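First the proteins, then the strands, lettered A, B, ... as listed; each starts at 1. The figures here come from the full heavy-atom set of this structure, side chains too, leaving out hydrogens, waters and symmetry mates. No experiment lies behind these values; they were computed from the predicted model shown.
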Amino acid sequence: MRLPVAAALLSLVACSESTEGTTPKLEGLINPRQRLITPARVCNAGGGPSGWRLELIGDRFTPVPRDALTDSPSVELPTVSLSGPADYTLPADHLFFARTELMRMDLPTRDSTPSNTLPPGAYTVSVTNPLGGTAELEDALRVVPPPVITTLTAPEGFRYNAASPLVIEGSGFRADALPLIVLQRQGEEDQPLFTVTVVSDTRIETEVPPATPEGTYALTLTNPEGCSVTRPQALTITYPRLGNLSVSPASGPANSDTVITVTNTASGTANRFTPGTHEVYLVAPVKTDPGQTVNIPLYDVTYVSQAQLRATVPNCSGFDSRPVTDPACPGGIVPGTYGLIVADPSGAFGTLPASSGFTVTP
Amino acid sequence: MNALALLAAAALAAAPSSNKDTGGPVFIAPKVGFIKPVTSLGGDLFLGGEVGYLTPLLQRRLALVLEVNYHRPSTSGTLRGPQLDNLGQPIESPYTLAEREVAIQLSAVFRFPRALGPLTPYVGAGPGLYLHRATVESFDSTASESGSGPGFQVLAGAELPLGPGGAFLEAKYHFARVDFLTTGDVNAGAVLAALGYRLRL
């Protein structure tokens with residue numbers, strides 16, 4: 001009897017294979033674009049060729065040598081798996097070990113190589129140490145769809161002197177965090193839209209800033225987790241026009257501010273001045289920054305009639321508070337001939353080119 | 001085994017008939033030595049013990065020997081690679097890999113009693129069961145893999161009568177394949193030289 005028992009025990013020993021190792025601890029995932037958002041959100045599209053980079057925070061993440069006694073040794077990292085609306089195991093080359101408390105992973109998306117579109121939803125994330133145990137964290141990652149823009153409307157048209165409401169409709173908008181919306185035009189700096197209200201995940205209300213240059217713009221909406229959508233030629237901004245403008249007197253000395261009259265000769269579809277607050281700017285440099293042409297507001301702008309405004313050009317004061325006591329007018333306008341911009345409270349605007357504008361004489 | 005039989009027959013023919021082993025048929029022997037695996041594992045101390053039975057076959061020159069031995073060679077290196085990366089900064093960490101092996105070996109040993117003066121040379125071979133445990137230490141953590149598999153060994157030695165038994169010097173090679181994540185699929189076998197004392201009972 002002893003021999004068979006010993007043989008059985010020996011065969012048991014011979015056949016058994018086992019591993020022992022450290023069990024990691026997984027505390028959370030972080031999308032670096034939204035460090036304070038828990039659980040982390042990630043978009044299932046975009047992200048470039050590698051997908052979206054996420055951080056795994058925890059402890060005891062432990063790589064081990066692999067094939068160390070062969071001619072081709074390498075390193076075996078922990079494995080990362082997602083389970084939820086779909087199950088997914090991250091490819092080994094998409095995981096990067098920084099230290100035992102931090103790993104980074106590139107989560108593939110619809111647009112990455114290789115691609116993988118995870119269905120939106122909440123996912124449990126698990127990390128398994130090679131030879132060791134598994135740490136699991138429920139609802140550690142929320143996969144969200146990319147934004148889609150279906151319609152873009154400016155219900156009140158565009159006004160030069162004030163912000164113009166803009167309504168964006170579509171899907172995949174984030175009601176819990178504001179998206180970044182920018183207008184883009186070839187050769188121009190991107191124009192971000194600052195006043196944004198996410199009414200729902202299908203509707204965003206925003207505003208085009210006043211005096212945004214006329215033209216056709218693409219609009220890019222970027223959700224905070226990183227996904228963006230660009231609608232080319234989304235928006236054509238035009239403003240109602242005032243008539244032909246002229247100014248009198250057409251010049252003034254650099255050492256004193258000059259009261260001028262702006263005349264609007266309107267014909268056809270051109271707009272006349274309307275009562276209310278007008279804004280008039282001289283497009284000129286000031287002595288404190290002579291290389292930079294800026295819009296210098298005229299002061300004491302007064303509505304005289306549908307054809308005339310009165311305003312004071314700050315030849316001497318520039319942007320400084322008045323009165324200016326220094327006769328050298330250190331903040332004044334650099335002598336030269338400059339154009340004007342006039343914004344009417346109706347939203348219309350007009351320009352007076354520099355060639356027939358106002359001259360600041362030395 | 002055919003080669004071993006041929007060797008045994010040749011030895012029988014060559015050996016003087018007066019040179020017969022004396023003493024009881026059972027013997028035990030502790031042994032100690034130095035082992036060097038054929039992999040990159042470093043050399044290590046070897047400890048073993050055997051129980052043998054001198055069979056009546058081949059004029060009491062064939063013994064069956066059951067041996068259990070132990071060694072734990074190790075190697076060290078540095079973990080590095082493209083996946084060890086902290087925002088473009090390569091991460092490196094030292095590691096130590098130890099391969100503990102307990103071998104249970106059954107060998108047929110043919111002895112040439114006093115063939116070289118007082119010395120009794122012997123040769124042998126046989127199968128073995130090799131129990132492996134690879135332990136890796138890295139990043140302040142320890143992980144291990146255990147498993148076992150068959151192997152074989154060949155040996156040669158010479159025994160010098162001393163007291164109630166004999167001191168011996170022995171050389172051995174064993175082949176034992178292991179396929180762990182940390183080691184890879186390799187022959188964890190080794191060559192060794194051991195000293196021991198064989199006590200006849």
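- Residues A/P108 and A/Y88 approach most closely at CG-OH, 3.1 Å, considering heavy atoms.
- B/L181 touches chain A through backbone and side chain together, each having a heavy atom under 4.5 Å away.
- Your options are A/N129, A/L102, A/T62, and the one with the most heavy-atom pairs under 4.5 Å with chain B is A/T62.
- Between A/V127 and A/M103, the closest heavy-atom pair is CG1-CE, 3.9 Å.
- For chain A, the nearby parts of B/L84 are the backbone and the side chain; heavy atoms of each come within less than 4.5 Å.
- Interface remark: B/P150 contributes no atoms to any contact with chain A (heavy atom separation under 4.5 Å).
- When the candidates B/S146, B/G184, B/A143 are compared by the number of heavy-atom contacts under 4.5 Å with chain A, B/S146 comes out ahead.
- Geometric assessment of B/R198 against the ring of B/Y122 yields a positive cation-pi assignment under the 6.0 Å and 45° thresholds.
- Taking 4.5 Å as the heavy-atom cut-off, the residues of residues 75-84 of chain A that approach chain B are A/V75, A/E76, A/L77, ordered by number.
- For B/F110 and B/F112, the gap between ring centers is short of 6.0 Å.
- Contact of B/T75 with chain A is made through the side chain alone, with heavy-atom distances under 4.5 Å.
- When B/S144, B/A188, B/P37 are compared by the number of non-hydrogen pairs under 4.5 Å with chain A, B/S144 comes out ahead.
- Between the side chain of B/S148 and the main chain of B/Y130, no donor-acceptor pair closer than 3.5 Å is present.
- Contact between B/A190 and B/I35 at its shortest, heavy atoms only, is CB-CG1, 3.4 Å.
- The heavy-atom pair separating B/Y95 from A/P65 by the smallest distance is CD1-CG, 3.6 Å.
- Among the candidates B/D140, B/L79, B/I91, the residue making the largest number of heavy-atom pairs closer than 4.5 Å to chain A is B/L79.
- Interface residues of residues 27-59 of chain A toward chain B, defined by a heavy-atom distance below 4.5 Å and sorted by number: A/R53.
- Of the atoms belonging to B/D179, not a single heavy atom falls under 4.5 Å from chain A.
- For B/T142, the part sitting under 4.5 Å from any heavy atom of chain A is the backbone (N, CA, C, O) and nothing else.
- Of all the heavy atoms in A/L69 and B/V186, the pair that sits closest is O-CG1, 3.7 Å.
- Two residues are said to be in side-chain contact when any heavy atoms from C-beta on lie closer than 4.5 Å; A/V182 and A/P192 meet this criterion.
- Residue A/L221 comes nearest to A/N223 through the heavy atom pair CD2-OD1, 3.8 Å, listed as atom of the first residue, atom of the second, then distance.
- For the residue pair B/E99 / B/T183, no side-chain donor-acceptor distance below 3.5 Å is found, with atom types taken as modelled.
- Side-chain contact check for B/P73 versus B/K36: every heavy-atom pair is 4.5 Å or farther apart.
- Side-chain contact annotation: B/T120 with B/R111, donor-acceptor N/O pair under 3.5 Å absent.
- By the 30° and 60° cut-offs, the orientation of the rings of B/Y173 relative to B/F152 is perpendicular.
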Do B/E67 and B/K31 pass the salt bridge (Lys or Arg N to Asp or Glu O under 4.0 Å) test, and can you show the C-alpha distance, the side-chain angles, and the key distance before you say yes or no? CA-CA 10 Å; B/E67 176 176 332; B/K31 55 181 81 173; 2.8 Å; yes

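- For A/S18, the parts sitting under 4.5 Å from any heavy atom of chain B are the backbone and the side chain alike.
- With hydrogens and angles left out, the side-chain atoms of A/R110 and A/S115 include no donor and acceptor closer than 3.5 Å.
- Only the side chain of A/R104 comes within less than 4.5 Å of a heavy atom in chain B; its backbone stays farther off.
- Interface residue B/R80: only backbone heavy atoms are found under 4.5 Å from chain A.
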